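Take a look at the structure set out below.
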There are 2 protein chains.
Amino acid sequence: MGVRAEQAAQTASALKQAAREQFLQRGYLNTKITDITAAAGRSTGSFYDHFGSKDELLQALLEDMHRDARADVTGQDLSGQHPADHDLTDRAQLRAHLAAAWQVMRSNLPVMMALFESGMAEPGSDRAWRQLTSDTDMLRRHLDFLQQRGDRLLGPPELVAAAMGAMLSMLAYSILPGGTAGYSDDQVVDTLTELLRTGLVGGS
Amino acid sequence: MGVRAEQAAQTASALKQAAREQFLQRGYLNTKITDITAAAGRSTGSFYDHFGSKDELLQALLEDMHRDARADVTGQDLSGQHPADHDLTDRAQLRAHLAAAWQVMRSNLPVMMALFESGMAEPGSDRAWRQLTSDTDMLRRHLDFLQQRGDRLLGPPELVAAAMGAMLSMLAYSILPGGTAGYSDDQVVDTLTELLRTGLVGGS
DNA sequence: GTCTATACACAGATAGAC
DNA sequence: GTCTATCTGTGTATAGAC
């Protein structure tokens, strides 16, 4: 890698990092190209040497996130495939899944919020629903597994999975950015675990 | 009311109606003043004779919504006060509450989405959390009631109520605008009822 | 590769005629 | 009250020097 190319990579990286900060502070739509370049200590024009537009930058951030996520998974699970035969009726396993999802949202907040915000901007499309179902696809597979095992589910697996995902993500968007809600991560995850395990009023 | 004032009221009403349509189609932030006036068949300048800005218009829509909601409640319940002693562990009462909330979202979708979208634009603030807790305050009171009655809750009432509200609203935002999800209102409400009553896997 | 300077598009808002 | 015409601010994107 030549010295110029290296410098370029450095600038691209600085712009991405600045973008994450700005998206979190101002919101995706409110963030101007100049906000990003200023925060990165670069000039306006420099932006377009690396990204064609703000949306293109967001896609790049999304890819980075997926790359990191893949790396994380690979570290724990060599197959790279999440096994479907998890028992969500088991408190520990359910909790582990919720905690993992919560942690992913926490550590990728800027990108998740930006994605969410930009998706919201085009309501007519079913983009929000597709996003939700694809995000909760793994959950749905677990529920399918339970159903095949003989458990009696309370509704269509896809819909139940979507409802869980909706609760989780909306709560994350409300709680995580501010930090003023006053509940710890553990408290939130515990509460959701119990809620999903036994319903509103715990049986046991 | 003079003939000019009457005409003015008519224009204001037309602008509001057009705004609702446009917000739903294009999203709040994407909707331009000219989109609204064009859809209402009025001129650009006319807008500012009635509203100071797009945000002010949204506030007016919000007030209309509240006014209608109050009228609905008053029709059913003369006190205007929603009683706190509802038993959410009773399937029928729980379902009724969820169905009512779902219906409110459906019939006020444009305003709810616009509000949500504009709130999203300022992330640093805890606006989302405050909105969520205030929207679910009635729910929280019901949970407080259960707790006082002796039921063992699975977490802080405020947090549980927020989780329920999060699930409901996020699902509404995903399903209602598109109509492509393929689930009927009844199916959604039934599923949520069971999920909240007995947890992921129904006990009975 | 990165900078400065600038062109261009567009939405918000106002002024004045009718 | 409502219209047409217009001004102004602001953000995106490009051109060309270094």
Side-chain angles (χ1 to χ4, degrees), chain A residues 1-61 110 114 117-118 120-123, chain B residues 1-61 110 113-115 117-118 120-123:
Chain A
M1 201 188 244
V3 63
R4 275 171 101 87
E6 201 170 296
Q7 199 172 23
Q10 217 166 24
T11 295
S13 167
L15 287 172
K16 284 194 212 169
Q17 183 51 34
R20 273 187 285 261
E21 292 163 10
Q22 295 297 310
F23 289 169
L24 197 55
Q25 274 176 33
R26 307 174 193 266
Y28 174 71
L29 296 173
N30 274 339
T31 299
K32 312 303 169 194
I33 306 281
T34 51
D35 293 329
I36 298 172
T37 53
R42 311 296 157 121
S43 70
T44 310
S46 192
F47 180 90
Y48 295 94
D49 292 327
H50 301 276
F51 309 100
S53 66
K54 196 169 59 168
D55 200 83
E56 206 169 285
L57 193 169
L58 180 55
Q59 295 309 318
L61 290 179
E117 204 185 329
S118 77
M120 200 98 228
E122 31 179 310
Chain B
M1 202 188 246
V3 64
R4 275 172 99 90
E6 202 171 296
Q7 199 171 24
Q10 216 165 26
T11 296
S13 168
L15 287 172
K16 284 194 212 169
Q17 184 51 34
R20 274 188 284 262
E21 292 163 9
Q22 295 295 309
F23 289 169
L24 197 55
Q25 274 176 32
R26 308 174 191 266
Y28 174 70
L29 296 173
N30 275 339
T31 298
K32 312 305 169 193
I33 306 281
T34 51
D35 293 330
I36 299 172
T37 52
R42 310 298 155 119
S43 70
T44 309
S46 191
F47 180 89
Y48 295 94
D49 292 327
H50 302 274
F51 309 99
S53 65
K54 195 168 62 169
D55 200 82
E56 206 169 285
L57 192 170
L58 181 55
Q59 296 307 319
L61 291 179
M113 304 232 1
L115 229 43
E117 203 184 331
S118 76
M120 200 99 228
E122 30 179 312

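Since the structure is predicted, the reported quantities are computational estimates derived from the model, not experimental observations. Protein chains get the first letters and strands the later ones, always in sequence-line order, with residue 1 at the start of each.
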Which whole-number value in Å describes the distance from [X] [atom1] to [N] [atom2]?
X       : N      : atom1 : atom2 : value
B:Asp49 : C:dA15 : CG    : P     : 12 Å
B:Arg4  : D:dC3  : CZ    : P     : 12 Å
B:Phe51 : D:dT2  : CZ    : C1'   : 15 Å

Review point. Under 3.5 Å, is there a donor-acceptor pair between the A:Gln7 and A:Arg4 side chains?
Key: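 No donor-acceptor contact under 3.5 Å links the two side chains.
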With respect to the phosphate group of D:dG1, does any side-chain polar atom (N or O) of B:His50 fall under 4.0 Å of OP1 or OP2?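 Negative; the distance criterion is not met.
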- [ ] Of all the heavy-atom pairs spanning B:Thr37 and B:Ser43, show the shortest one and how long it is.
- [x]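 That would be CG2-O, 3.4 Å.
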Would you compute the distance between atom [atom1] of [X] and atom [atom2] of [Y] and round it to the nearest 0.5 angstrom?
X        : Y       : atom1 : atom2 : value
B:Thr31  : B:Lys54 : OG1   : NZ    : 6.0 Å
B:Glu117 : B:Phe23 : CD    : CZ    : 9.0 Å
A:Glu6   : A:Thr11 : CD    : OG1   : 11.0 Å

Could you walk me through whether A:Phe47 and A:Thr34 pass the side chain to side chain contact (heavy atoms under 4.5 Å, CB included) check? CA-CA 9 Å; A:Phe47 180 90; A:Thr34 51; over 6 Å; no
- request: Please list, chain by chain and in numerical order, all residues satisfying salt bridge (Lys or Arg N to Asp or Glu O under 4.0 Å) with A:Lys16, sequence neighbours excluded.
  value: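 A:Lys16: salt bridge (Lys or Arg N to Asp or Glu O under 4.0 Å) contacts with A:Asp64.
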(Q) A side-chain contact here means heavy atoms from C-beta on lying under 4.5 Å apart; do A:Pro123 and B:Met113 qualify? (A)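 Yes - at least one pair of side-chain heavy atoms lies under 4.5 Å apart.
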Scoring nucleotides 4-18 of chain D by protein non-hydrogen atoms under 4.0 Å (B base, S sugar-phosphate only, - none) yields B------SSBB----
List in numerical order all residues of residues 6-28 of chain B for which some heavy atom is under 4.0 Å away from an atom belonging to DNA chain C.
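None - not one residue of the stretch has a heavy atom sitting under 4.0 Å from the strand.
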